[in-house]
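I have placed the structure first, in the form of structure tokens, so that the comments after it can refer back to it.
So that the names make sense, note that chain A is the first sequence line, chain B the second, and so on, each numbered from 1. Keep in mind that this is a model prediction, so the values were computed, not measured.
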Protein chains: 2
Amino acid sequence: MSVPGATRIAYTPERLLAVAVEVFNLRGYDGTSMEDLARATGITKSSIYHHVRSKEELLRLAVSRALDRIFAVLDQPAARTGRAIDRLEHVVRASARVLVDELPYVTLLLRVRGNTATEQWALERRREFDRVVATLVARAVADGDLDDTVEPRLATRLLFGMLNSAVEWYEPARADATADLGAAVWRLASAGLRRRPAGS
Amino acid sequence: MSVPGATRIAYTPERLLAVAVEVFNLRGYDGTSMEDLARATGITKSSIYHHVRSKEELLRLAVSRALDRIFAVLDQPAARTGRAIDRLEHVVRASARVLVDELPYVTLLLRVRGNTATEQWALERRREFDRVVATLVARAVADGDLDDTVEPRLATRLLFGMLNSAVEWYEPARADATADLGAAVWRLASAGLRRRPAGS
DNA sequence: GTCTATATGTTGATAGAC
DNA sequence: GTCTATCAACATATAGAC
């Protein structure tokens with residue numbers, strides 16, 4: 001049923017992945033059937049299997065892309081040198097950029113439950129990331145730059161819980177106050193919301 | 001295959017629900033089959049259908065329980081009278097208590113995607129809750145008690161994103177620093193993590 | 001690279017005996 | 001209240017023509 005004059009989309013694994021991830025995020029990975037993907041792409045189930053081995057491969061491609069981008073943050077110079085508090089700020093802001101730039105992929109990653117081998121691997125890598133950040137928070141506390149009344153591990157989880165929650169509500173279309181997500185998160189996490197009478 | 005001497009668990013809808021919610025949270029609602037529930041309960045699929053009409057009914061029972069507890073927070077006197085900032089603090093702390101006390105049910109509620117009519121109803125009620133809280137935040141800003149540099153709606157989302165993230169990591173077994181989740185969340189959200197040289 | 005047709009297992013749910 | 005047996009629909013995935 002090709003339309004004359006309208007060029008048929010040539011599916012690459014990359015483009016197929018983009019469509020699949022959208023549907024996964026809408027319906028959930030388990031709630032999405034290959035038939036759903038067929039409808040969304042405009043080709044049949046069989047044609048999809050020409051590009052990928054399995055439904056799980058699509059998941060693996062998606063979460064590994066998200067993980068690559070997120071771990072790249074930890075390799076940036078600003079995350080590896082300087083005062084712990086400044087490195088932490090950089091990790092938060094750069095992670096926020098990754099979240100926004102790769103929103104569908106990061107969203108899928110953050111919703112992984114652990115049903116398949118792929119999902120368990122993704123969960124393990126996420127824990128690895130959390131451990132690195134928790135170490136950074138602990139160091140900032142030791143440096144006297146962060147309050148020591150909130151336990152480092154708890155602080156880390158609240159900090160990234162706040163940031164990661166953005167996958168549930170961030171709308172890239174709107175160029176509103178949420179434009180710089182990282183700035184907002186860092187401001188709230190470091191200074192808090194409460195207005196102070198005088199001084200900073 | 002009943003064991004003599006070991007009293008067979010008498011299943012009530014309530015007890016069945018508790019088991020089902022555990023499995024739903026482990027595998028995801030869509031990733032859980034009635035056969036999975038049969039294994040977890042120790043009775044057959046057919047027996048489960050003696051207690052509930054459908055798999056979706058289990059979901060509905062679970063999320064409505066969570067929603068009831070959460071909306072009850074807004075009806076408490078401390079959430080309805082006094083300064084907006086104090087009402088907000090109470091809503092955060094009371095919501096944290098609900099999250100902890102009803103952890104499996106709240107967890108399931110927060111993971112709903114919208115595939116079924118039940119799920120869409122749950123999402124709509126969650127948005128309703130968010131709107132009430134956002135109004136409270138806006139009022140606290142107007143009162144001059146909250147900083148006006150972070151937009152109220154964004155602040156609300158970050159605040160509850162932080163709190164709700166607890167369903168991903170909170171462990172009731174451990175009576176550690178996370179014992180009072182609400183206190184930790186409120187402290188971080190209001191005062192921030194950064195250590196200040198002098199004064200409060 | 002896409003299609004039709006199909007294999008093979010699993011799904012949510014029901015019928016009816018005990 | 002639980003069971004065995006079964007259903008129709010749908011799942012992932014494959015075979016092979018064009």
Take A:Tyr170 and B:Arg157, measure what side chain to side chain contact (heavy atoms under 4.5 Å, CB included) needs, and give me the verdict at the end.
CA-CA 10 Å; A:Tyr170 188 85; B:Arg157 281 165 161 167; over 6 Å; no

Residues 183-192 of chain A vs salt bridge (Lys or Arg N to Asp or Glu O under 4.0 Å), sequence neighbours excluded, gives A:Arg187-B:Asp147

Looking across every strand, which nucleic acid part, if any, lies under 4.0 Å from A:Thr44 by heavy atom: base, sugar-phosphate, or nothing? base

Rounded to whole Å, the NZ-P distance (A:Lys55 to D:dT14) equals 15 Å

Between CE of A:Met34 and P of C:dT2 the distance, given in whole Å, is 13 Å

Whole-Å distance, A:Asp30 CG to C:dT11 C1', equals 13 Å

Between CD of B:Glu35 and P of D:dA5 the distance, given in whole Å, is 14 Å

Quick note, A:Tyr49 side chain, CB onward, closest among D:dT14, C:dT11, C:dT4 is D:dT14

Of the listed C:dT2, D:dA13, D:dT12, the closest approach to the A:Tyr11 side chain comes from C:dT2

Here the distance between atom P of C:dG12 and atom CG of B:Leu58, to the nearest Å, is 11 Å

Sorted by position of nearest nucleotide on DNA chain C, 5' first, the leading residue of A:His51 and A:Lys45 is A:His51

message = Classify B:Thr12 by what it touches in the nucleic acid, base, sugar-phosphate, or nothing, heavy-atom distance under 4.0 Å.
response = nothing

Residues B:Asn25 and B:Arg111: closest non-hydrogen pair is O-NH1, 2.9 Å

Ignoring backbone atoms, establish whether B:Ser33 has a side-chain N or O less than 4.0 Å from OP1 or OP2 of C:dT10.
-> no

When rounded to whole Å, the CZ to C1' distance for the pair A:Arg39 and D:dC10 reads 11 Å

Lys/Arg-Asp/Glu bridge criterion (N-O < 4.0 Å) met for A:Arg39, A:Asp36: yes

I'd like a list of close polar pairs between nucleotides 15-18 of chain D and the protein, N/O only, cut-off under 3.5 Å.
residue	atom	partner	partner atom	Å
D:dA15	N6	A:Ser46	OG	3.4

So, OP1 or OP2 of C:dT2: does either fall under 4.0 Å of a side-chain N or O from A:His50? no

| request: Salt-bridge test for B:Arg93 and B:Glu89: reply yes if a basic N is under 4.0 Å from a carboxylate O, no otherwise. | output: yes

Do you reckon A:Val100 sits in the same ILVMFWY cluster as A:Leu188, going by side-chain contacts under 4.5 Å, direct or chained?
-> yes

Between CG of A:Leu37 and P of C:dT2 the distance, given in whole Å, is 14 Å

Between CD1 of B:Ile48 and C1' of D:dT2 the distance, given in whole Å, is 11 Å

Scan A:Thr32 against the nucleic acid and name what it touches under 4.0 Å (heavy atoms): base, sugar-phosphate only, or nothing. sugar-phosphate

Should the pair A:Glu102-A:Arg65 be classified as a salt bridge under the 4.0 Å nitrogen-to-oxygen rule? yes

